[in-house]
Protein chains: 2
Amino acid sequence: MPLTLEDIARIAGTSRSTVSRVINGDQNVSEATRTKVMDVISKVNFQPNLAARGLAAGHTGILGLVIPMGVSAIFADPFFPLLIQGVSGQCNSRDVSVMLWLAEPEFERRTINNVLYNGLIDGVIIASMLTDDSLVDALRNKSLPFVLVGRHPTDEHIHYVDSDNRSGAYQAVLHMVRMGRKRIACINGPANMIAGMDRARGYRDALKERGISLQPELVVEADFTDPGGYAAMKQLMQYRPDAVFAASDTMAIGAVRAIHELGLRVPEDIAVVGFDDIPMASRITPSLTTVRQPISRIGAIAADTLIDLIENPSDRPQHIILPTELVIRESCGAIHPVRS
Amino acid sequence: MPLTLEDIARIAGTSRSTVSRVINGDQNVSEATRTKVMDVISKVNFQPNLAARGLAAGHTGILGLVIPMGVSAIFADPFFPLLIQGVSGQCNSRDVSVMLWLAEPEFERRTINNVLYNGLIDGVIIASMLTDDSLVDALRNKSLPFVLVGRHPTDEHIHYVDSDNRSGAYQAVLHMVRMGRKRIACINGPANMIAGMDRARGYRDALKERGISLQPELVVEADFTDPGGYAAMKQLMQYRPDAVFAASDTMAIGAVRAIHELGLRVPEDIAVVGFDDIPMASRITPSLTTVRQPISRIGAIAADTLIDLIENPSDRPQHIILPTELVIRESCGAIHPVRS
DNA sequence: GCCGTTTTTGGGAGCGCTCTCACACTTATA
DNA sequence: TATAAGTGTGAGAGCGCTCCCAAAAACGGC
């Protein structure tokens with residue numbers, strides 16, 4: 001049977017209130033009492049009951065992390081694991097616990113209610129990234145603090161953390177233009193994901209800036225998976241691209257496989273640039289030029305932002321965009337000169 | 001301000017107790033009262049406060065999932081994501097929430113206390129797989145129900161779910177023997193991980209059964225990562241193996257890269273078999289023969305076992321070993337005949 | 001030493017729920 | 001018709017904590 005505050009108080013020869021003060025770091029406790037109570041606490045390894053604390057205090061020190069599992073394949077991508085890691089790490093050092101919801105579509109309705117109203121969660125991080133997420137809509141009308149991973153396309157009042165997808169894609173495509181590529185294709189993410197939209201925008205901006213007209217047939221939409229990238233590339237081949245920008249490394253790797261299968265070479269025949277810089281990117285042959293985004297840091301900052309927000313609800317909307325970085329390797333033809 | 005049971009009772013014209021009965025599915029409520037209360041609940045979208053419920057009932061309907069993050073690289077492997085997915089899915093359908101702890105070493109002490117004593121968690125799934133995990137030791141002396149993912153090497157009273165690592169490795173190695181390989185190397189996992197030990201045992205058993213003497217220099221230990229497999233393979237090459245069994249696909253892929261880099265062919269010169277059947281296994285060239293283990297199912301079954309255990313603490317120790325399956329592809333030379 | 005302050009402490013109320021118990025009311029049994 | 005045995009309901013206590021308030025102790029300045 002676990003001990004209670006009252007038990008500790010009895011052993012330490014003081015009162016429940018004082019023990020509570022010691023645990024919560026209240027200043028108004030004499031040094032003598034504090035050390036005595038601390039001794040008892042560590043001797044019996046006391047841990048206050050969080051349910052009781054949550055009930056009495058009105059907050060629990062737990063934060064929710066909601067990840068959509070619509071495509072279960074999405075977990076094959078290292079994005080979510082890294083995000084979870086970032087969130088969890090930051091929460092650990094801020095003394096906050098993480099509750100994870102992998103929101104499967106059929107449970108979504110229940111998930112929403114659980115997240116919003118059960119009183120266990122002080123706030124929530126939503127890793128949705130859909131342009132029209134019903135969870136986000138539901139949260140907007142509630143008082144529960146929340147932070148989005150991935151910017152919100154319209155509502156300026158929503159806090160979010162994202163990486164600079166547009167600029168990353170822009171740099172990547174610009175680089176290929178500079179390398180002399182003329183027919184640069186784009187394997188885009190799904191249209192209902194904001195990151196996909198932003199990367200497509202960067203692609204278009206780069207072409208436009210260089211006065212290259214956009215060829216609609218050179219842009220195809222895929223689902224961020226390897227097979228998706230593979231299929232998209234096969235489809236693109238008929239239009240004879242000499243370069244391709246894929247909105248994720250996973251798709252880029254699929255695209256490279258498709259290119260090789262048709263007997264063409266990367267980068268000599270077709271240059272390939274991905275997005276994310278997953279570990280695999282540097283290991284495939286040829287190694288993949290890609291746009292690095294700090295996924296784990298996004299998670300950490302989202303957690304930080306949310307915790308600040310919970311402690312200080314009056315904060316102005318936080319819109320944090322982390323920089324991306326073009327990592328040049330072999331697949332874009334910049335390192336090894338073209339052996340045509 | 002969220003509503004309480006009392007509010008619902010007032011609106012429905014009944015008492016707090018009756019509303020509580022309706023919510024918890026008590027039989028002794030008249031049909032009329034039940035529907036009336038249900039109507040109110042769904043109309044105002046009432047969600048009972050879980051902290052209060054936890055405090056009053058002594059359990060919360062939350063289960064912990066502890067994952068060691070010692071090696072952060074471990075998350076590059078799809079194992080944990082799939083495990084999380086399995087646990088989470090099963091918990092969703094059993095109406096239980098999941099609290100995730102990525103236990104970083106420096107926080108481990110705190111994690112242990114949080115998990116064991118904070119009163120929020122009804123039970124915990126430990127995905128440790130170390131042969132000597134201090135968390136497991138700590139839990140053994142406590143009354144908190146827990147289930148291990150990965151069998152426990154010594155204590156028969158501990159509940160666990162695991163896949164049949166020994167048999168999987170045994171089948172894999174036996175297969176290579178049958179294909180005529182004479183010098184079969186083994187890239188093993190770390191010695192302090194039980195899965196690594198079991199797979200090494202399967203390797204040894206297969207050799208022994210076929211009367212092949214174990215060559216110690218053909219067995220090296222790596223860390224389940226791709227670079228680890230790559231380095232291990234480089235080291236093995238001096239002993240001229242004609243086949244290699246890697247204890248994970250990730251290591252196998254690293255090994256294949258090492259082999260190719262030295263100008264040798266897979267499977268013609270060296271056959272390779274991995275373990276796990278990650279999605280990448282079927283996509284690399286040559287496609288990887290591997291041992292499939294049902295990771296997501298392990299997670300689901302662990303969750304199920306734990307929930308049963310919480311509801312019925314008197315259960316006898318559950319030791320569930322799920323079967324593994326050899327998936328034959330190109331890298332072992334069984335599909336395409338050896339072009340020597 | 002006395003009075004006003006400040007620091008430290010203890011007790012009470014109450015967070016929103018569950019669970020036990022007692023009471024009212026119905027139905028079956030003798 | 002009286003008694004036993006359900007069925008449905010409400011009130012009360014209490015889960016372990018925080019927070020507020022008032023009392024006690026310690027401190028300072030005259």
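Below, chains carry the letters A, B, ... as their sequence lines are ordered, and counting in each starts from 1. This one's a predicted model, so the numbers in the text were calculated from it and none came from an experiment.
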First and last nucleotide of DNA chain C in contact with chain A, 5' to 3', at under 4.0 Å to a heavy atom: what are they?
C/dT8 to C/dG16
Return the residues of residues 30-44 of chain A meeting this criterion: a heavy atom under 4.0 Å from some atom of DNA chain D. Order them by number, or give none.
none
Considering only heavy atoms from C-beta outward, does the side chain of B/Gln293 approach that of B/Leu322 to under 4.5 Å?
no
What protein N or O atoms touch nucleotides 18-20 of chain D N or O atoms at under 3.5 angstrom, if any, and at what distances?
unit_1: D/dT18; atom_1: OP1; unit_2: A/Asn24; atom_2: OD1; d: 3.4
unit_1: D/dT18; atom_1: OP1; unit_2: A/Asn24; atom_2: ND2; d: 3.0
unit_1: D/dT18; atom_1: OP2; unit_2: A/Ser20; atom_2: OG; d: 2.6
unit_1: D/dT18; atom_1: O4; unit_2: A/Arg16; atom_2: NH1; d: 2.4

Does the side chain of B/Pro2 come within less than 4.5 Å of B/Asn49's, by heavy atoms?
no
Quick one: are A/Ile23 and A/Phe46 in side-chain contact, heavy atoms under 4.5 Å?
yes
Within the structure provided, determine whether B/Ser88 and A/Leu100 are in side-chain contact (heavy-atom separation under 4.5 Å).
no
Quick check: do A/Leu309 and A/Phe146 have side-chain heavy atoms less than 4.5 Å from each other?
no
Closest heavy-atom pair and its distance - B/Thr60, B/Gly119
CG2-O, 3.8 Å
Of B/Val147, B/Leu148, B/Ile125, which is the lone residue that meets side-chain contact (heavy atoms from CB on, under 4.5 Å) with B/His159?
B/Val147
Look at A/Asp39 together with A/Lys36 and state whether they make a salt bridge at an N to O cut-off of under 4.0 Å.
no
Check whether A/Asp122 reaches the backbone of A/Gly61 with its side chain - one donor and one acceptor, N or O, closer than 3.5 Å.
yes
Would you mind reading off the distance between B/Asp26 atom CG and D/dG8 atom C1', rounded to a whole angstrom?
10 Å
Would you sort out whether B/Thr305 and B/Ile301 count as a side-chain contact (heavy atoms from CB on, under 4.5 Å), showing the intermediate values?
CA-CA 6 Å; B/Thr305 305; B/Ile301 291 175; 3.8 Å; yes
B/Asn49 near the nucleic acid: base, sugar-phosphate alone, or nothing, with a heavy-atom cut-off under 4.0 Å?
sugar-phosphate
